[in-house]
Amino acid sequence: MAPHGEGSEEAMVVQDENRKPISSILIVIAMQTEAMPIVNKFQLKEDLDSVLIRQRMMMIQVSKRGALGQISWRLQRSPYQLSMAWKGSKSGLLCTEFLKTINFHLHQIHTFQDTQYQFLYSPVQDMDMGYAFYLGVDSVGTISASLVTYAAIQALQPDLIINAGTAGSFKVKGASISDVFLASDVAFHDRRIPIPVFDLYGVGSRQSFSTPNLLKELNLKAGKLSTGDSLDMSPQEEASIVANDATVKDMEGAAVAYVADLLKVPAIFIKAVTDIVDGDKPTAEEFLQNLAAVTAALEQAVTQVVDFINGKCLSEL
Ligand code: ADE
């Protein structure tokens, strides 16, 4: 067998794959507010038959019975839903799968503790639903992002993943609110493991799928993306973001990249700026203030990207 690398069997298989037309795109989005303009633009319908909905997580309950310690297993339907799936088609694209990770109904997600969030007020949910009290919260962050990406790849076998969402950016990098970035690289900034090799694993740096034509044609900004599980930024995280040379900061990208890499699906990252992290305003306030307007910019960019991809193969991107 030829060795790995250029000219190897593996490389030739990848080359062949890259020459096939893209027929299925998976868009992973964390928040309902970010997803709805895209769902509406593509006139997607909620896919109630999706395996991602039907295959709710199973919970195995083990109970010991009797003097001999006989074990009985009971399979229960878990009370939480992994994702909402949306489905639609576009001429030339056989199937576009839109997946958003929203609505872990927290009153159901974990029967032991999460009911405490059931009737709390969220300004974000207020924006989405038009009412203040709600039964769940958008499952932002790396854990749910990796879960749904894994489940969706297994179920849908997409040719390409687009992780779309909002992000913070930096005025020292010349960013402004509503700028849309296509990330060239992604890495984590909150996984500090100061042991040789584990340190690199923690940072988890990965290149996104290279799309030079897309970048040129759509005039998107290019920059590196850094991911962590917090909206704010500690001094240590700031140092890691600088070390990652990141221009944009989000809460999902590197987790999606990790799973995409694991399962060998090319992934790109489109991030629209809601807040300037090194600016004057508190991040949460600025984020909420700009969220609705910036999701419109995100929708436009995703629409342009999907239109550009339509009819092309990976090697043409
Ligand atoms: N999403 C939007 N703004 C963000 C920020 N400042 N950090 C992480 N994720 C974000």
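Please read all numbers here as calculations on a predicted model, not as lab measurements. In each ligand, atom 1 is the first atom listed, and ligand 1 is the first ligand listed.
Here is the list of ligand 1 atoms found below 4.0 Å of a heavy atom in Asp250: 8 (C), 9 (N). Of all atoms in ligand 1, numbered sequentially from 1 with element shown, those under 4.0 Å from a heavy atom of Ala167 are 1 (N), 2 (C), 3 (N), 4 (C), 10 (C).
Not a single N or O atom of Thr283, backbone or side chain, sits closer than 3.5 Å to an N or O atom of ligand 1. The shortest N or O to N or O distance between Val277 and ligand 1 is not under 3.5 Å.
No more than 12 heavy-atom neighbours from other residues, nucleotides or ligands sit within 6.0 angstrom of OH on Tyr258.
Only side-chain heavy atoms of Thr274 come within less than 4.0 Å of ligand 1; its backbone N, CA, C and O stay farther off. Proximity of Asp275 to ligand 1, defined as any heavy-atom pair under 4.0 Å, is confined to the side chain (atoms from C-beta onward).
At distances below 3.5 Å, at least one donor-acceptor pair connects side-chain atoms of Glu252 with backbone N or O atoms of Gly141. The backbone N or O of Gly165 sits nowhere less than 3.5 Å from a side-chain atom of Asp250 that would complete a donor-acceptor pair.
Gly168 N, 3.3 Å is the protein heavy atom nearest to atom 4 (C) of ligand 1. The protein heavy atom nearest to atom 7 (N) of ligand 1 is Lys249 NZ, 2.8 Å.
The heavy-atom pair separating Phe308 from Leu317 by the smallest distance is CE2-CD2, 4.0 Å.
A salt bridge is defined here as a Lys NZ or Arg NE, NH1 or NH2 lying under 4.0 Å from an Asp or Glu carboxylate O, and Arg191 with Asp229 fails to meet this definition.
For the residue pair Thr303 / Glu299, a side-chain donor-acceptor distance below 3.5 Å is found, with atom types taken as modelled.
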